[in-house]
Amino acid sequence: MKTEYLPCDEAGIARGAELLRRGELVAIPTETVYGLAADASNEDAVRRIFTVKGRPQDNPLIVHISDLRMWEPLVRGIPADALRLAEAFWPGPLTIILKKSGAVPLATTAGLDSVAVRMPSHEGARALIAACGLPLAAPSANLSGLPSPTTAEHCRRDLDGKVPLVLDGGECRYGIESTVVSLLGEPTVLRPGAVTAEQLAEALGKPVAVSHAATEPLASGETVASPGMKYRHYAPRAKVVLIESDRAAYLRLLEEAPAGTWGMVFEGDEVQAGRPTLVYGREHDAESQMHSLFSALRRLDDEGAERVYVRCPDHDGEALGVYNRLLRAAGFEVKHI
Ligand code: TXA
Ligand code: MG
């Protein structure tokens with residue numbers, strides 16, 4: 001298949017909508033990461049998403065909507081808490097899990113009785129959903145296991161020849177995937193992102209838990225609320241090790257590291273590193289870190305890095321999302337110094 005690359009403008013959106021209505025797959029920009037979209041109600045199209053990505057069959061997809069009226073038919077009622085969160089954070093990087101209706105095929109939710117929905121703030125993404133008039137199922141547009149794509153070029157690397165169209169909407173504003181919150185029981189964050197548990201708690205006026213799977217490996221045999229948490233993720237081919245230390249100790253460790261080791265560091269560290277480095281944002285500035293995290297992980301493979309020592313981000317607030325992705329890229333290997 002020859003892949004078309006179009007800007008996410010009026011003509012691109014019209015072409016995308018036409019393909020999506022026909023049951024084709026289209027890679028689309030959002031404010032978090034690029035998504036691989038299909039009509040969420042078309043089982044055959046949704047199955048092709050899993051095939052193209054090489055995605056495990058038990059990992060459910062997020063359904064994207066362009067306005068609140070699209071939400072109601074997808075779920076069995078919208079509780080007050082859900083409405084409050086939608087009002088506070090949509091359109092934006094928050095995904096809300098509720099009981100699903102019969103309108104959502106089990107192929108989309110990987111057999112689950114619930115459905116994850118979000119309304120992206122990327123104007124092009126919303127215009128596309130509105131233009132086809134369909135809720136769109138879209139996981140991140142990477143091959144399963146690789147870092148999520150934050151540019152159309154990343155999508156090309158993973159999907160060229162496998163999908164008919166990639167829409168280029170520029171670099172993603174946030175750079176990590178949406179916060180996923182489950183409202184099936186007490187509100188619980190299953191995947192941390194740019195919207196924090198503290199912000200959710202404030203909007204709801206009650207505590208919001210964070211799943212321990214955000215920062216800890218699963219015990220063997222443990223079932224998990226969010227199947228996506230099971231898999232090694234966001235990982236380049238290089239071996240990633242997270243280094244929990246101060247700057248000086250980190251730089252010493254990097255200096256003494258075996259050949260083939262790269263540093264993934266904060267702005268300014270590169271000046272003193274005795275090794276090749278990639279910068280991913282500024283220290284204590286989670287937004288700058290999430291913005292370049294996945295491109296840095298992808299660049300490491302282009303550079304042929306064998307091993308990467310990553311300076312550890314903070315663990316709280318917005319930084320929790322960055323920390324979570326790095327823990328998973330590192331297979332939870334953290335060196336404390
Ligand atoms: O920012 C994002 O959310 C991006 C863009 C494209 O919107 N999408 C994305 O999708 O990250 P994906 O498929 O890479 O991640 C979806 C996550 C997975 O961890 C999955 O297990 C979880 O959401 N999920 C989806 N539906 C669920 C459900 N019904 N119950 C529990 N977890 C669910
Ligand atoms: Mg993904």
Side-chain angles (χ1 to χ4, degrees), residues 25-38 40 46 49-50 52-66 74-76 89-101 104-122 124-126 128-129 135-150 154-155 158 167 169 172-185 188-195 211 213-214 218 223-235 290 294 321 324-325 328-329:
L25 310 189
V26 178
I28 66 166
T30 83
E31 74 281 17
T32 55
V33 301
Y34 275 73
L36 179 56
V46 164
I49 292 181
F50 285 84
V52 165
K53 275 183 62 93
R55 184 178 178 95
Q57 289 296 332
D58 64 350
N59 196 3
L61 306 179
I62 293 172
V63 177
H64 298 67
I65 58 175
S66 56
L74 302 173
V75 292
R76 259 182 273 156
F89 301 105
W90 281 359
L94 177 69
T95 296
I96 301 173
I97 298 177
L98 293 173
K99 286 265 175 221
K100 82 171 193 71
S101 75
V104 184
L106 290 168
T108 301
T109 64
L112 295 180
D113 190 31
S114 58
V115 62
V117 176
R118 95 175 184 96
M119 189 194 294
S121 63
H122 191 287
R126 279 211 319 288
L128 175 69
I129 300 164
L136 297 180
S140 48
N142 52 296
L143 296 178
S144 202
L146 293 183
S148 295
T150 56
H154 295 161
C155 295
D158 284 18
L167 287 177
C172 299
R173 169 170 167 205
Y174 292 102
I176 64 170
E177 306 86 348
S178 61
T179 302
V180 176
V181 66
S182 170
L183 295 182
L184 298 176
T188 306
V189 171
L190 303 182
R191 179 175 71 183
V195 175
S211 163
L218 291 176
T223 56
V224 62
S226 184
M229 300 292 227
K230 274 199 311 217
Y231 304 102
R232 182 156 185 259
H233 247 149
Y234 316 117
M290 65 178 73
F294 288 141
N324 163 270
R325 304 312 188 274
R328 306 181 75 77

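Atoms within each ligand, like the ligands themselves, are counted from 1 in listed order.
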For [Y], does its backbone N or O pair with a side-chain atom of [X] as donor and acceptor, under 3.5 Å?
X: Arg118; Y: His64; answer: no
X: Arg325; Y: Gly321; answer: yes
X: Arg191; Y: Ser178; answer: yes
X: Thr108; Y: Ala40; answer: yes

Are [X] and [Y] close enough that some pair of their side-chain heavy atoms sits under 4.5 Å apart?
X: Phe89; Y: Thr179; value: no
X: Val181; Y: Leu94; value: yes
X: Ile28; Y: His122; value: no
X: Ile65; Y: Leu74; value: yes

Problem - Enclosure of Arg173 CZ (heavy-atom neighbours >12, cutoff 6.0 Å) - result: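 Count not over threshold, so no.
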Counting only heavy atoms, tell me which of [options] gets closest to [atom].
atom: atom 30 (N) of ligand 1; options: Ile28, Ile176, Ile97, Leu184; result: Ile97
atom: atom 16 (C) of ligand 1; options: Val180, Leu98, Ile62; result: Ile62
atom: atom 7 (O) of ligand 1; options: Glu31, His122, His64; result: His64

Do any N/O atoms on [X] end up under 3.5 angstrom from N/O atoms on ligand 1?
X: Glu177; value: no
X: Thr30; value: no
X: Arg55; value: yes

Practice task
Report, in ascending order of atom number, the atoms of ligand 1 lying under 4.0 Å from any heavy atom of Ala116.
Solution key: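 Counting from 1, the qualifying ligand atoms are 25 (C), 26 (N), 27 (C).
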Practice task
Using a strict 4.0 Å cut-off to heavy atoms of Ser140, name the atoms of ligand 1 that fall inside it.
Solution key: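 It comes down to these atoms of ligand 1: 8 (N), 9 (C), 10 (O), 12 (P), 14 (O).
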Side chain, backbone, both or neither: which applies to [X] and ligand 1 if a contact is any heavy-atom pair less than 4.0 Å apart?
X: Ser114; result: both
X: Arg191; result: side chain
X: Asn59; result: side chain
X: Lys53; result: neither

Practice task
Would you check if the Mg ion (ligand 2) lies under 2.8 Å from any N, O or S atom of Ser140?
Solution key: yes
Handout entry: Residue-ligand contact Lys100/ligand 1, heavy atom below 4.0 Å
Key = no
Handout entry: Any Leu61 heavy atom less than 4.0 Å to ligand 1
Key = yes
Practice task
Consider only side-chain N and O atoms of Glu177 and Ser140, and report whether a donor and an acceptor are under 3.5 Å apart.
Solution key: no
